[in-house]
Structure formats: C-alpha cells, structure tokens
Amino acid sequence: MARKKLLLGNWKMNKTPSEAKEFALGCGDMIRFAVDNGIDVGVAPTFVCLQTVVENAPKDLIIAAQNCNEHDHGAYTGEISIPMLKEIGINWVILGHSERRTYNGETSVACNAKIKALLAASMTPVYCCGETLETFEAGETKSFVKKQIEEGFAGLTAEEAKKVVVAYEPIWAIGTGKNATKEIAEDTIASIRSVLKALFGEAAEEIRILYGGSVKPNNIAEYMSEKDIDGALVGGASLALDSYRGLIENLVK
Ligand code: 13P
C-alpha cells in the first residue's frame, strides 16, 4: 500500500500569534498545490498560536500541537489536555521531540500513555525518536531507537499502530545544518520499520516514518527518493512562507 507523503513544520518556540496568523493567511496557494499533488502538509505552532492558525489557514493544512497531557483534566498546572485541543479543532500532536526529552524530562514510557490517550480520542500522534552524537558515533543508533519505538508503541494493536506517525530525528542533525545523509536516514528508518514489523506484522508497511534534522528546500528531495522515508519533520526551514513553499515544491518533484 502506498503511503501518502507528509511534510510537517515544527515551529518550536517561534512566532507570536500575529506572526502565526500572517503565515496562515499567506499559505493558501501552496497548500492547494500540495493537496493537488497528493501530499499531506502541516505545521505545529505553539499552544497560544493554535487557534489563530485554525481560524485563518486553509482547512487542508494539518495543524498539530507540540505536546499534550494524557489526562483529560485536573490538577496539572501548566499542562494542556486532549479535549482542550480537540475543541479548538486540533487533531494531531507531536510527542517525544528530543528537545522535550532533554529539557522537560519526557520519556518514551510517558509518550506511550499520551499516544494511547490520543488514539482513544481519534487523534494522530507524531512520535519522535533519535539518538545523540555520542550514541551515533558508538554505532548504537539502531538499538537505541529500537528501545524508543518498543516503549512508545507498547500495548498498541496493529490497527492502532497504523495511525501513529513516526519521526526519526538524529539529535546531532537538529538545528546544526549537518543533515544525515539519505543513506544514513534510510538505514535507520528501514530498521525502525523492521522493529514495527516484528511488533505489528504487515501493518508496519502502512506506518508513515519521517526524517527530521536540518531538512531544507535544497535537500528534501534526496530523502524522498528512499523507499522507507515518507516525508519530513522540519524546524527552521518551516518558519518562512518562501522556504516552506520550497520544501513543498521539492518534496513533490
Ligand atoms: P531543524 O529542521 O531546524 O534542524 O529542526 C528539526 C526538528 O527538530 C524538527 O522537529
């Protein structure tokens, strides 16, 4: 089964609501171009910008939050729940980004609870994994990422697993300009798919796996030529309209 290509922009802690609104109002043509070319495209603004992007962007733009809490409500100061996101029209959430793992103590086990809560709410989790430079240089990438995948997907059925998007982002490639070669990205992503195959059988062929880490308009096409890479999770290059358009145009080539 052909997996639909996906481009997701992770805005991280960038853009005020008025800046996010400007992007939302300006992205109409490129979103139409993406849809016409059969690809899914989205952005992940900060919580305070979600509503303005929902209200001002074309309906085909996927809008993702950058985190959520697994509880519906309660005494969790500073947290945002899934029903809150749903009510403002958000159906996708990024989980386990390496920055949240590093700065906020997010673990794969914690992500597993969030993945289950999102699936129960018919929402789409984008589960991030990836190794440090030290792990990469020690040649331990595959075993490290395998553990992240097994813990994140624990207890899911094959039907549920199909609905999760995975993003492989080597930490050494994030924001450094040192993107992984397409061969390295494909090698790890193929190994992730084989871990998913061991867990879920043929359903693994339907799970979309993205590469992330210094993806730019001038290198995105390389990744798309690899058989297991289904798109990209992009930070810096997703912020400006021109650059986002460049990503879409080169992704569909
Ligand atoms: P950059 O594209 O800025 O390297 O960021 C990648 C990333 O972390 C996306 O989630």
Side-chain angles (χ1 to χ4, degrees), residues 1-8 10 38-40 42 44 62-74 76 79-87 89-98 100-101 106-131 141-169 185-212 226-233:
M1 189 196 126
R3 297 179 297 269
K4 199 171 180 189
K5 290 179 185 173
L6 168 62
L7 170 69
L8 202 52
N10 175 10
I39 67 168
D40 285 336
I62 291 166
I63 304 164
Q66 298 176 15
N67 182 34
C68 68
N69 190 283
E70 69 273 30
H71 302 286
D72 279 355
H73 55 83
Y76 303 99
E79 292 291 289
I80 304 284
S81 77
I82 291 169
M84 293 170 193
L85 294 171
K86 258 208 127 153
E87 189 171 311
I90 301 300
N91 291 302
W92 288 54
V93 179
I94 296 175
L95 295 174
H97 190 280
S98 62
R100 292 206 57 82
R101 291 179 188 261
E106 188 105 338
T107 63
S108 301
V109 172
C111 289
N112 177 248
K114 297 181 185 193
I115 288 173
K116 287 176 177 160
L118 285 166
L119 292 171
S122 303
M123 288 167 67
T124 303
V126 180
Y127 177 57
C128 303
C129 60
E131 81 288 359
T141 296
K142 288 182 188 171
S143 57
F144 184 86
V145 170
K146 178 173 188 268
K147 186 164 184 277
Q148 290 181 319
I149 295 293
E150 287 175 345
E151 289 181 348
F153 278 80
L156 267 56
T157 64
E159 277 310 303
E160 288 171 334
K162 278 187 214 173
K163 296 173 185 148
V164 180
V165 174
V166 175
Y168 168 59
E169 300 202 305
E186 169 65 18
D187 189 40
T188 309
I189 287 176
S191 84
I192 291 171
R193 200 175 299 289
S194 66
V195 171
L196 291 168
K197 210 166 230 171
L199 293 170
F200 304 112
E202 281 311 302
E205 289 298 329
E206 294 183 43
I207 299 175
R208 291 192 282 187
I209 311 180
L210 314 179
Y211 166 73
E226 297 293 335
K227 85 172 177 34
D228 286 288
I229 305 179
D230 303 313
L233 181 58

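Note that these values count all heavy atoms, side chains included, but never hydrogens, waters or copies made by symmetry. Along the sequence shown, residues are numbered consecutively beginning with 1.
A distance of 7.0 Å separates CG of Asn10 from CD of Glu169, quoted to the nearest 0.5 Å. The distance from the CG atom of Leu6 to the CD1 atom of Ile62 is 5.5 Å, given to the nearest 0.5 Å. Of the inter-residue distances, the one linking Asn69 atom CG with Glu79 atom CD reads 4.5 Å to the nearest 0.5 angstrom. Annotation: the span from Met84 atom CE to Ile90 atom CD1 amounts to 14.0 Å, rounded to 0.5 Å. Remark: Leu196 CG to Lys162 NZ distance equals 13.0 Å, nearest 0.5 Å.
Sorted pairs that involve residues 106-131 and meet ring-ring contact (aromatic ring centres under 6.0 Å, His included), not counting sequence neighbours, are lacking altogether.
Heavy-atom minimum distance, Ala121 versus Lys86: O-NZ, 2.6 Å. Pairing each heavy atom of Cys68 with each of Ile82, the nearest pair is SG-CG1, 3.9 Å. The two residues Gly130 and Gln148 come nearest to each other via the heavy atoms N-OE1, 2.8 Å. Of all non-hydrogen atoms in Asn112 and Gly152, the two that sit nearest each other are ND2-O, 2.8 Å. Contact detail for Gln66 and Ala44: the closest heavy-atom pair is NE2-O, 2.9 Å. Closest approach of Cys129 and Ile149 over heavy atoms only: SG-CD1, 4.0 Å.
Side-chain contact check for Ile80 versus Leu85: some heavy-atom pair is nearer than 4.5 Å. Using a 4.5 Å cut-off on side-chain heavy atoms (C-beta onward), Leu210 and Ile229 make no contact. Using a 4.5 Å cut-off on side-chain heavy atoms (C-beta onward), Leu7 and Asp40 make no contact. Using a 4.5 Å cut-off on side-chain heavy atoms (C-beta onward), Thr124 and Val93 make no contact. Inter-residue side-chain proximity for Val145 and Ile192 is flagged as met; some heavy-atom pair is nearer than 4.5 Å. For the pair Leu119/Pro125, a side-chain contact is recorded, criterion being any heavy-atom separation below 4.5 Å from C-beta on. Side-chain contact between Glu106 and Cys111 is present, with at least one heavy-atom pair separated by less than 4.5 Å. Looking only at side-chain heavy atoms (C-beta outward), Val166 and Ile207 come within less than 4.5 Å of each other.
In summary, Glu160 and Lys116 do not engage in a salt bridge, as defined by a charged side-chain N under 4.0 Å from a carboxylate O. Ionic pairing of Lys163 and Glu206 is not present here: no N-O contact between side-chain nitrogen and carboxylate oxygen is shorter than 4.0 angstrom. Lys142 and Glu131 are not joined by a salt bridge, as no carboxylate oxygen comes within less than 4.0 angstrom of a charged side-chain nitrogen. By the 4.0 Å N-to-carboxylate-O rule, Lys5 lies too far from Asp230 to be salt-bridged with it.
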> Run the side chain to side chain contact (heavy atoms under 4.5 Å, CB included) check on Leu95 and Cys128 step by step: do they pass?
Replying inline: CA-CA 6 Å; Leu95 295 174; Cys128 303; over 6 Å; no

> How far apart are the C-alpha atoms of Leu156 and Leu199, what are their side-chain angles, what is the distance that settles it, and do they pass the side chain to side chain contact (heavy atoms under 4.5 Å, CB included) test?
Replying inline: CA-CA 9 Å; Leu156 267 56; Leu199 293 170; over 6 Å; no

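One side chain, Lys114 or Asn67, offers a donor N or O that lies under 3.5 Å from an acceptor on the other.
A donor-acceptor pair under 3.5 Å links the side-chain atoms of Arg193 to the main chain of Asp228, judged by distance alone. A donor-acceptor distance shorter than 3.5 angstrom exists from the side chain of Arg208 to the backbone of Lys4, with no hydrogens or angles considered.
Applying the ring pair (Phe, Tyr, Trp, His ring centres under 6.0 Å) rule to His71 yields the partners Tyr76; only residues at least two apart in sequence or on another chain are considered. Evaluation of the ring pair (Phe, Tyr, Trp, His ring centres under 6.0 Å) rule for Phe153 yields Phe200 as partners, not counting sequence neighbours.
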